Amino acid sequence: MAAGLSVDFLREKLKRELEAEHVEVEDTSANRCAASFKVLIVSPKFEGKPLLQRHRLVNSCLAEELKEIHAFEQKTLTPEQWAKENQN
Amino acid sequence: MSTSLRLLSRALRARPVPQPCRRLLSQDSSSRERLDALVKKDKVVVFMKGTPAQPLCGFSNAVVQILRMHGVEDYATYNVLEDQDLRQGIKNYSNWPTIPQVYLNGEFVGGCDILLQMHQNGDLVEELKKLGMRSALLDADKGQEKK
């Protein structure tokens with residue numbers, strides 16, 4: 001795996017740059033042939049933005065890293081949506 | 001045996017096209033104009049790995065399965081594994097780093113995650129309606145209600 005692409009590194013970078021209040025990063029590389037990650041990001045920055053824009057925000061935050069990542073799954077929630085999901 | 005293996009591995013290592021050459025190729029077969037025409041030619045367009053009959057990636061397969069659930073049978077697909085210029089070109093075109101990529105009415109809507117969420121929250125049914133396509137899930141729901 002490329003240097004710097006650890007779960008911790010990605011989590012901290014997403015938290016910092018997206019002002020996220022909650023980030024989960026899962027390394028799913030074992031299921032695939034190359035570096036793969038699944039992330040859940042909860043950030044107030046997503047408010048009022050459609051899904052595509054939220055994902056673009058995440059993609060641009062990790063533009064450099066994504067060059068080394070083979071598969072990247074993301075779920076992007078606002079704090080409000082996250083609270084609602086936790087109720088269920 | 002070991003000599004031929006060594007030769008083979010050397011040949012494989014030497015395979016990448018030199019950079020200037022590659023740039024020329026991509027300008028030629030995956031120019032913005034060509035991709036623009038490609039995504040606008042059909043109402044539903046998917047750039048994927050493999051084909052709907054034989055997807056070669058779990059995420060591409062998921063997109064195919066979602067469209068199938070909605071009864072979308074008539075859509076254009078392009079296998080990026082058969083065309084390296086297309087593979088990179090479409091990423092540049094949409095400014096989106098991954099495959100698959102789904103286009104509705106010439107507009108980029110997202111990859112597998114987004115299509116899946118649009119499927120789950122009902123947006124996909126609405127988007128298909130805008131294209132004049134009726135999602136098969138609507139009829140499936142009705143069938144269940146009657147029972």
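Reminder, nothing fancy here: chain letters follow the sequence lines and each chain counts from 1. None of these values were measured; they are calculated from a predicted model.
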CA sep, side-chain torsions, deciding dist, call: B:Gln65, B:Asn61, side chain to side chain donor-acceptor pair (under 3.5 Å): CA-CA 6 Å; B:Gln65 298 308 327; B:Asn61 184 35; 3.0 Å; yes
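Both the backbone and the side chain of A:Leu52 have a heavy atom closer than 4.5 Å to some heavy atom of chain B. Looking at A:Arg56, the atoms closer than 4.5 Å to chain B (heavy atoms on both sides) sit in the backbone and in the side chain alike. Proximity to chain A involves both the backbone and the side chain of B:Asn95, based on heavy atoms less than 4.5 angstrom apart.
Options A:Lys75, A:His55, A:Lys67 differ in how many heavy-atom pairs under 4.5 Å they form with chain B, and the most are formed by A:His55. Contact tally against chain A (heavy-atom pairs below 4.5 Å) for B:Leu116, B:Thr98, B:Asp113: the top residue is B:Asp113.
Side-chain atoms of A:Ser6 and A:Asp8 form no donor-acceptor pair, as typed in the model, at a separation below 3.5 Å.
The closest donor-acceptor contact from the side chain of A:Thr78 to the backbone of A:Glu47 lies at 3.5 Å or more, if one exists at all. Checking side-chain atoms of B:Asn105 against main-chain N and O of B:Lys43 turns up no donor-acceptor pair under 3.5 Å.
Between B:Phe47 and B:Tyr78, the distance separating the two ring centers is shorter than 6.0 angstrom.
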